[in-house]
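Single-structure report; data block below.
For reference, positions follow the sequence shown, starting with 1.
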Amino acid sequence: RCSFTAQQYFHSVQKVPPSFESVDATVLLVDCVVDNAHELAGPSGSIVLSDWHTENIAFTDTDPTEMKLIDWQNHYLNPELKSKDRMKNAISSFANHLTQTCAKVDTNWKDVMNEIRDIIMQWWEHGMQQDIDLPDCGELKKRLASTAGKYKEREKQTKTTSSGAEVSQS
């Protein structure tokens, strides 16, 4: 059973300023979506993917949580196409919808979502230029993890500054 869509998740998490935990969870969700697109469009799936916007992507309430595509319209089998040609519409649609999830939130979340979108699109464009079937998801995971890592570092610095300020005031 589907518990929430990607859009619902983003709206929920973006109600408060980004933290390491919320950005890391967002990155994990994005990883999951890209991994699923990679698998379905790849040689074992051979499905031409279509509109993967954040309202079409849902997650189950099972353990472990699974991603489910709600709308399969305009998806079809075509093993003759290259995998990256089967995947390109899903990636561009998903990446572009990421920035539309934060219309009414603080600019910090807008910056996070723009950065995630840019990382996905740079990874994808680089992969499209290579003579390979599909870009390596491992490289994307590293780059996305660095986005969450920035917030971990900021939180460490804030705690250090905060504890230092307390010491100097004593």
Side-chain angles (χ1 to χ4, degrees), residues 1-14 18 21-103 109-150:
R1 178 188 114 180
C2 291
S3 181
F4 60 93
T5 65
Q7 182 80 13
Q8 290 168 327
Y9 167 79
F10 293 134
H11 282 206
S12 172
V13 76
Q14 292 172 358
E21 288 81 15
S22 61
V23 175
D24 191 48
T26 298
V27 163
L28 289 173
L29 184 141
V30 169
D31 278 343
C32 180
V33 172
V34 174
D35 283 346
N36 275 275
H38 202 270
E39 184 177 328
L40 290 171
S44 63
S46 298
I47 298 173
V48 177
L49 306 177
S50 184
D51 189 18
W52 278 43
H53 63 76
T54 55
E55 293 173 2
N56 278 348
I57 299 165
F59 295 86
T60 64
D61 58 2
T62 58
D63 188 18
T65 299
E66 296 177 357
M67 190 209 95
K68 300 289 182 185
L69 188 63
I70 295 173
D71 181 3
W72 283 86
Q73 186 174 355
N74 298 323
H75 291 68
Y76 56 93
L77 284 173
N78 188 341
E80 304 304 316
L81 280 177
K82 289 182 178 179
S83 297
K84 57 186 169 187
D85 291 330
R86 291 190 295 259
M87 187 173 166
K88 68 182 174 185
N89 289 336
I91 288 297
S92 63
S93 176
F94 178 66
N96 288 324
H97 275 88
L98 288 175
T99 58
Q100 296 173 17
T101 65
C102 51
W109 267 113
K110 289 178 183 177
D111 292 344
V112 170
M113 300 310 279
N114 282 329
E115 183 175 353
I116 290 172
R117 182 211 48 215
D118 292 348
I119 288 170
I120 292 169
M121 293 312 295
Q122 289 166 6
W123 165 79
W124 183 251
E125 289 165 9
H126 178 75
M128 290 299 284
Q129 295 170 2
Q130 305 299 309
D131 188 24
I132 55 175
D133 193 38
L134 278 174
D136 178 25
C137 284
E139 181 59 32
L140 177 62
K141 288 178 191 305
K142 288 178 198 170
R143 294 181 66 195
L144 288 171
S146 72
T147 299
K150 291 176 193 175

Q | Asn89 and Leu49: CA distance, side-chain angles, deciding distance, side-chain contact (heavy atoms from CB on, under 4.5 Å) verdict | A | CA-CA 6 Å; Asn89 289 336; Leu49 306 177; 5.8 Å; no

Q: Any chance you could lay out the side-chain contact (heavy atoms from CB on, under 4.5 Å) test for Lys88 and Ile91, step after step, and finish with the verdict?
A: CA-CA 5 Å; Lys88 68 182 174 185; Ile91 288 297; 5.9 Å; no

Q: Could you give me the CA-CA distance, side-chain angles and deciding distance for Val48 and Leu77, then say whether side-chain contact (heavy atoms from CB on, under 4.5 Å) is met?
A: CA-CA 6 Å; Val48 177; Leu77 284 173; over 6 Å; no

Q: Go through the steps for Asn36 and Trp52 under the test side-chain contact (heavy atoms from CB on, under 4.5 Å), then give the verdict.
A: CA-CA 11 Å; Asn36 275 275; Trp52 278 43; 4.2 Å; yes

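When the ring-ring contact (aromatic ring centres under 6.0 Å, His included) test is applied to Tyr9, no partner is found at least two apart in sequence or on another chain. In terms of the salt bridge (Lys or Arg N to Asp or Glu O under 4.0 Å) criterion, Asp31 has no residue partners (sequence neighbours excluded). Lys150 pairs by the salt bridge (Lys or Arg N to Asp or Glu O under 4.0 Å) definition with Glu115, not counting sequence neighbours. Applying the side chain to side chain contact (heavy atoms under 4.5 Å, CB included) criterion to Ser22, with sequence neighbours excluded, gives Val13, Pro18, Ser19, Trp109. In this view, His97 and Asp51, His53, Thr54, Ser93, Gln100 satisfy the side chain to side chain contact (heavy atoms under 4.5 Å, CB included) rule, not counting sequence neighbours. Among residues two or more places apart in sequence or in another chain, the side chain to side chain contact (heavy atoms under 4.5 Å, CB included) test is passed with Gln130 by His126, Ile132. In this structure Asp63 satisfies the salt bridge (Lys or Arg N to Asp or Glu O under 4.0 Å) test with no other residue, sequence neighbours excluded. Annotation: side chain to side chain contact (heavy atoms under 4.5 Å, CB included) contacts of Ser3 (sequence neighbours excluded): Asp61. Tyr76 is linked by a ring-ring contact (aromatic ring centres under 6.0 Å, His included) to nothing, counting only residues two or more places apart in sequence or in another chain. Scored by the salt bridge (Lys or Arg N to Asp or Glu O under 4.0 Å) test, Lys68 finds Glu66 as partners (sequence neighbours excluded).
Between Arg86 and Ser46 there is a side-chain heavy-atom pair separated by less than 4.5 Å. Between Ile120 and Leu98 there is a side-chain heavy-atom pair separated by less than 4.5 Å. Counting only heavy atoms from C-beta outward, the side chains of Met113 and Arg117 never approach each other to under 4.5 Å. Residues Thr5 and Phe10 form no side-chain contact, since every pair of their non-hydrogen atoms from C-beta on lies 4.5 Å or further apart. For the pair Ile57/Met67, a side-chain contact is recorded, criterion being any heavy-atom separation below 4.5 Å from C-beta on. Under the 4.5 Å side-chain criterion, counting only non-hydrogen atoms from C-beta, Trp72 is not in contact with Ser50. Residues Gln8 and Phe59 fail the side-chain proximity criterion, which asks for heavy atoms closer than 4.5 Å. Residues Leu134 and His38 meet the side-chain proximity criterion, which asks for heavy atoms closer than 4.5 Å.
No side-chain N or O of Ser146 forms a donor-acceptor pair with one of Arg143 less than 3.5 Å apart.
Shortest non-hydrogen contact noted between Leu69 and Asn56 is CD1-O, 3.4 Å. The shortest non-hydrogen separation linking Asp71 to Gln73 is OD1-N, 2.9 Å. Contact detail for Ala145 and Val27: the closest heavy-atom pair is N-CG1, 4.1 Å.
Listed by first then second residue, pairs satisfying salt bridge (charged side-chain N to carboxylate O under 4.0 Å, His left out) with a partner in residues 33-44 read Asp35-Lys141, not counting sequence neighbours. The salt bridge (charged side-chain N to carboxylate O under 4.0 Å, His left out) pairs that include a residue from residues 128-139 number zero, where partners must be two or more places apart or lie in different chains.
Between the CG atom in Leu144 and the CG atom in Asp24 there is a gap of 10.5 Å [rounded to 0.5 Å]. In this structure, CD1 in Ile119 is found 11.0 Å from CG in Asn114, a value given to the nearest 0.5 Å.
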